[in-house]
Amino acid sequence: MRDFAAARSEMAEYWHIRLGLEDPVKKFFSQAPEADVTLEADIPEKDFNSAGRGSAEVKNLLKRLGVDPEVLRRVAVAAYEAEINVAAHSLGGSMTSNIHPELIHMVFQDNGPGIADIEQAMIPGFSTADEMVRELGFGAGLGLPNIQKNADALHISSEKGDSTCLEIIIYFKNDGQ
Amino acid sequence: MDNKKYFHALQILEDNCTGCTACVRVCPTEAIRVRDRKAHIDPNRCVDCGECIFACQFHAIIPRSDPLDLIHNFKYKVAIISTSYFGQFTEDISYEVAKQALYELGFDDVQEEAMVTEFMVKVIQNYIRANRDKRPIISSNCPTVVRLIQLKYPSLLPNLFHLEAPMSILTRYLREKIQEEKGLKEDDIGIFLIVPCAAHVTAVHQPEGAYKHLQDGAFSIGMIYGKVREHIKNLQNNPPQIATYPKGLTWALSGVQAELVDCEDIRALSVNGVENVMEILSRVEDHYLDQYDYIVMRSCTNGCVGGCFNVENPFVAMSRIKKMIKEGENGEVDIHELEELYDEGEFDVAPLTPRPIMELDTDIKAAIRKMKQLNEILTSLPGLNCSACGSPSCYALAEDIVLGKATIEDCVVLLKRHSKEDEQDPQQK
């Protein structure tokens, strides 16, 4: 269970919940139900050859569950962007996808170095990507805004010098039921 | 799910099939299983790509097309040739001769897909500009690509170019024109395609999204090739004077076709080969390729020149066609009449419906339950993906077991392990 108040003061947090979904999202986080199916993927640092494999796997799984094509596309975009983010900006990390009957909950946990200013990172076009990442065609500063656009709920907790944890929730039906 | 039976232009000759699973492993939609030592194709999953035909060393999977005699059922017989046809002949045989030889097969009229290429490029460019909200637009010419999207990438259906393919556009145009000019009834006119692949035969017999009567049959380039060669011998002494459309031959080559559509405000990408097509479709799904306005996708190597009905190697055929494009001069095409029909909506297609094949169950809770079962089974399978069970991979076998189409006893590796254990410890049994 997540204790919001106990978040340490130096731990920066960012919440975004799609309008009208506050109740089911809060309920989900407070009850923290066990997932029916879980997928795990490693995301090695700066390995753009294998980045995207985790999200491809999630996509295939959701197709097998018969998830609506439009919802699937939103999951695909959010998962891919988040996976690339971990590969591009962190020292590597992992992706865990928890499937519940009504939603998918994806957790991207990295090994640092943390986001200095989350609010700034949410501004479209802002990027701290280095030359190598940009040369590969990534790092345009649209990753996080794009994730937010496609997610029903987004939660980021990060500490400068430490790790970042990004969580995404997408409901399979629009009303969150 | 509807239980409509899907027609396919592929046939398994059971007498030739050894159950070797070569086809099972190459099928991009996992449509083939070997059961009781014979391959079976699931008609709901097959997209007619032809990969299994290439993979089978025993000629047990053969593509089907219509018998040429079919044309005698009609008073007026029209052939429309796929552009890849012209890449099939050695360079001493001219474009004109290769085309004239088709008349000798008994056709009253021979027309080329290449005729409408210029018109198509204009229409595609207009369509892209009118649908900027959908990015990228995906070409709908390759029937395999269209079916692949219906089956595995249904979220991309709105991105398909929603208009008939060139050979069908030509069919609609000619049927109307010939009725008028020759005073014939619609049913007196037989319009046939000469095609490079099985997917086009399937598309003729089971078109997706067609509002109207299109073609009356499809003949394989390979099947008519022998007969055509006979006539070519005679024709070469008297080369005919007929119109040809070399500039339009781009349609057989996905790369060159993409370059034609590419312009100042339209960025085009070309992809060929079914594995590449699937990878790109998956990336389009991620919105990763939104910088492109148009993607030409063809399931075969280099485009239609790679189809299984062709006789020449796809790279050689491509090189020959490129030479013709470079050196030739186009005959007159009156686009005016085509444009009128286009404005009347004559070439429109109905929106395509998804045909999902990947669902474990229509109810998501049941599907999750099956997925859990599947994962459990998967942990007990050896993970060798040897296909000896007749399913393409351990994952596919687990899926087949969950769906009641196979049992764990089908796994040969487990069977051997178990029998060894029994040998070592007979008491335990």
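So you know, we letter chains A, B, ... as the sequences are listed, proteins then strands, and number each from 1.
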Between A/D68, A/L72, A/V77, which has the largest tally of heavy atom pairs under 4.5 Å with chain B? A/V77

Looking at A/K59, A/H100, A/E70, which one has more heavy-atom pairs under 4.5 Å with chain B than the rest? A/K59

Heavy-atom distance under 4.5 Å to chain A: side chain of B/I357, backbone, both or neither? neither

Starting from the C-alpha separation in whole Å, work towards a yes-or-no answer on side chain to side chain donor-acceptor pair (under 3.5 Å) for A/Q109 and A/S94. CA-CA 5 Å; A/Q109 177 71 52; A/S94 68; over 6 Å; no

Please flag which part of B/D286 lies under 4.5 Å from any non-hydrogen atom of chain A: side chain, backbone, both or neither. both

If we only count heavy atoms from C-beta on, is the A/K173 to A/L103 side-chain gap below 4.5 Å? no

Under 4.5 Å to a heavy atom of chain B? For A/L65 that would be both

B/L352, B/V47, B/T29 screened by side-chain contact (heavy atoms from CB on, under 4.5 Å) with B/R147, the one that passes: B/V47

Proximal component of A/N60, with respect to chain B [non-hydrogen, under 4.5 Å]: both

Let's test your reading of the structure: which of A/A56, A/P69, A/A79, A/G66 forms the most heavy-atom pairs below 4.5 Å with chain B? A/P69

Hey, are the side chains of B/P136 and B/V284 touching, using non-hydrogen atoms and a 4.5 Å cut-off? yes

I'd like to know if B/R33 and B/D42 make a salt bridge, using a cut-off of under 4.0 Å between side-chain N and carboxylate O. no

Taking the six-membered ring of B/Y6 (Phe, Tyr or Trp), confirm whether the NZ or CZ of B/R355 is under 6.0 Å from its centre and within 45° of its axis. yes

